[in-house]
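Structure first, then comments.
The first residue in the sequence is number 1, and the count goes up from there.
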Amino acid sequence: MTQHPLRFGLKLSGQDTTIDALRAVWRIADDGGFDHVWDFDHLASIGEGGPDRPIYEGWTLQAAMAEATKRVRIGCLVTGNTYRNPALLAKEAVTVDHLSGGRLEFGIGAAWAEIEHQMYGFEGLDHRVGRLSESLRIIKSLWTDERTNFDGRYYHMKDAIANPKPRQKPYPPIWIGASGETTIRLVARYADVWNAAGGDPQRTKELSEKLEQACAEIGRDASEVRRSIQYDWDGKSADELIEQSGAFLERGITEQVIYLRGPGLEPVARAEKLAALLPDLRHNQSAESSTHRR
């Protein structure tokens with residue numbers, strides 16, 4: 001039986017959308033009983049259609065989420081580590097944590113979009129995993145220590161001060177997006193939540209086994225790491241959505257983020273329909289618990 005509660009989130013990326021639509025989705029997430037609401041972190045649009053479509057910056061949006069909502073937790077799936085110095089990112093996160101009254105979920109990954117690094121002159125994509133490893137150590141130190149000293153291959157901190165500390169103690173939950181073996185090892189060492197790439201239950205099962213192995217290698221109980229996934233729904237078949245959610249839950253994926261993208265209902269209408277279906281989605285965990293008790 002899954003030991004973590006089943007939680008649901010909505011994600012509207014900030015790409016190919018409007019501020020009005022974003023605010024509407026945040027309101028639906030807050031009022032409709034969702035556990036968390038998300039954006040993403042890109043500076044140029046990704047996917048089909050090229051990089052020149054409208055897109056808003058992810059951490060600025062999180063500050064707006066904090067002010068626009070009262071209850072739902074907020075985050076970014078996931079922050080691209082190479083876009084910011086870790087001290088700046090740590091400060092942005094603390095600011096959003098305080099603005100939200102301690103509702104931040106801190107999502108981070110190694111980054112991958114080559115065109116953004118080429119266009120804007122960002123460095124580090126060729127050593128992105130090493131940079132992420134150093135950033136995680138620095139950020140946790142800045143959040144908890146009075147002074148941070150770090151002399152790494154990529155980043156250097158000297159008597160670095162970071163006040164105030166996060167509202168959440170010792171710091172906001174860390175979600176790491178990872179699918180490669182080296183990044184999964186970082187999940188095992190640093191993450192509270194692992195965000196698996198893609199939306200295929202079988203692939204997620206295979207990656208979960210790699211995470212369990214990585215945890216065993218460092219002596220960490222793998223059950224401490226919550227598992228998360230983001231997947232699409234076109235707004236049509238409720239039964240298919242509930243079945244898909246249940247398939248992930250059977251594999252221990254308890255943090256499920258429904259991504260409001262792709263063809264189908266426009267995002268706000270889709271979010272409203274999902275809010276109405278939320279009790280049925282939550283029923284999956286009750287059904288799983290009953291099955292295991294038999």
Side chain to side chain contact (heavy atoms under 4.5 Å, CB included) evaluation trace for Ile258 with Leu241: CA-CA 10 Å; Ile258 303 172; Leu241 173 68; 4.2 Å; yes
Contacts of type salt bridge (Lys or Arg N to Asp or Glu O under 4.0 Å), residue [X], not counting sequence neighbours:
| X | value |
| --- | --- |
| Glu266 | none |
| Arg84 | Asp41, Glu57, Glu92 |
| Arg147 | none |

Who pairs with [X] by side chain to side chain contact (heavy atoms under 4.5 Å, CB included), at least two apart in sequence or on another chain?
| X | value |
| --- | --- |
| Arg189 | Ile218 |
| Thr69 | Trp26, Asp30, Val72, Ile74, Arg103 |
| Asp151 | His156 |
| Lys236 | Asp234 |

Report yes or no: does [X] contribute a side-chain atom to a donor-acceptor pair with the main-chain N or O of [Y] at less than 3.5 Å?
| X | Y | answer |
| --- | --- | --- |
| His4 | Ser223 | yes |
| His98 | Lys165 | yes |
| Ser228 | Trp194 | yes |
| Glu255 | Val193 | no |
| Arg131 | Leu125 | no |

In residues 75-82, what donor-acceptor pairs under 3.5 Å come from side-chain atoms, sequence neighbours left out?
{"from": "Thr79", "atom 1": "OG1", "to": "Trp59", "atom 2": "NE1", "distance (Å)": "3.1"}
{"from": "Thr79", "atom 1": "OG1", "to": "Gly107", "atom 2": "O", "distance (Å)": "2.8"}
{"from": "Asn81", "atom 1": "OD1", "to": "Ser135", "atom 2": "OG", "distance (Å)": "2.8"}
{"from": "Asn81", "atom 1": "ND2", "to": "Ser135", "atom 2": "OG", "distance (Å)": "3.4"}
{"from": "Thr82", "atom 1": "OG1", "to": "His117", "atom 2": "NE2", "distance (Å)": "2.7"}

Check against side-chain hydrogen bond (donor to acceptor under 3.5 Å, both in side chains), Thr18 and Asp20: CA-CA 5 Å; Thr18 66; Asp20 286 344; 5.4 Å; no
Salt bridge present between Lys205 and Glu209 (N-O < 4.0 angstrom):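 Looking at Glu209 together with Lys205, the answer is yes, because their closest N to O distance falls below 4.0 Å.
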Arg270/Asp232 salt bridge by N-O under 4.0 Å criterion: no
Separation between CZ of Arg7 and OG1 of Thr254, rounded to the nearest 0.5 Å: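 Rounded to the nearest 0.5 Å, the CZ-OG1 separation comes out at 8.0 Å.
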Closest approach of [X] and [Y], non-hydrogen atoms and distance?
| X | Y | answer |
| --- | --- | --- |
| Val187 | Ala178 | CG2-CB, 3.6 Å |
| Leu211 | Ile184 | CA-CG2, 3.6 Å |
| Ser141 | Thr148 | OG-OG1, 2.7 Å |

List the atom pairs, donor and acceptor, that lie under 3.5 Å between side-chain atoms in residues 169-176 and the rest of the protein, sequence neighbours left out.
{"from": "Lys169", "atom 1": "NZ", "to": "Pro166", "atom 2": "O", "distance (Å)": "2.8"}
{"from": "Tyr171", "atom 1": "OH", "to": "Lys140", "atom 2": "NZ", "distance (Å)": "3.0"}
{"from": "Trp175", "atom 1": "NE1", "to": "Glu105", "atom 2": "OE1", "distance (Å)": "2.5"}

Worked verdict on Asn195 versus Gln230 for side-chain hydrogen bond (donor to acceptor under 3.5 Å, both in side chains): CA-CA 8 Å; Asn195 181 244; Gln230 57 184 4; 4.8 Å; no
For Tyr155, the rest of its hydrophobic cluster, which grows through side-chain links under 4.5 angstrom: Ile138, Leu142, Phe150, Tyr154, Met157
Side-chain hydrophobic cluster, 4.5 Å single linkage: members besides Ile161: none
When the side chains of residues 43-55 are checked against the rest of the protein, which donor-acceptor pairs come out under 3.5 Å, sequence neighbours left out?
{"from": "Ser45", "atom 1": "OG", "to": "Gly50", "atom 2": "O", "distance (Å)": "2.7"}
{"from": "Ser45", "atom 1": "OG", "to": "Pro51", "atom 2": "O", "distance (Å)": "3.2"}
{"from": "Ser45", "atom 1": "OG", "to": "Asp52", "atom 2": "N", "distance (Å)": "3.4"}
{"from": "Ser45", "atom 1": "OG", "to": "Arg53", "atom 2": "N", "distance (Å)": "3.1"}
{"from": "Arg53", "atom 1": "NE", "to": "Gly50", "atom 2": "O", "distance (Å)": "3.1"}
{"from": "Arg53", "atom 1": "NH1", "to": "Asp16", "atom 2": "OD2", "distance (Å)": "2.5"}
{"from": "Arg53", "atom 1": "NH1", "to": "Glu48", "atom 2": "O", "distance (Å)": "3.3"}
{"from": "Arg53", "atom 1": "NH2", "to": "Ile46", "atom 2": "O", "distance (Å)": "2.7"}
{"from": "Arg53", "atom 1": "NH2", "to": "Glu48", "atom 2": "O", "distance (Å)": "3.1"}
{"from": "Arg53", "atom 1": "NH2", "to": "Gly50", "atom 2": "O", "distance (Å)": "3.0"}

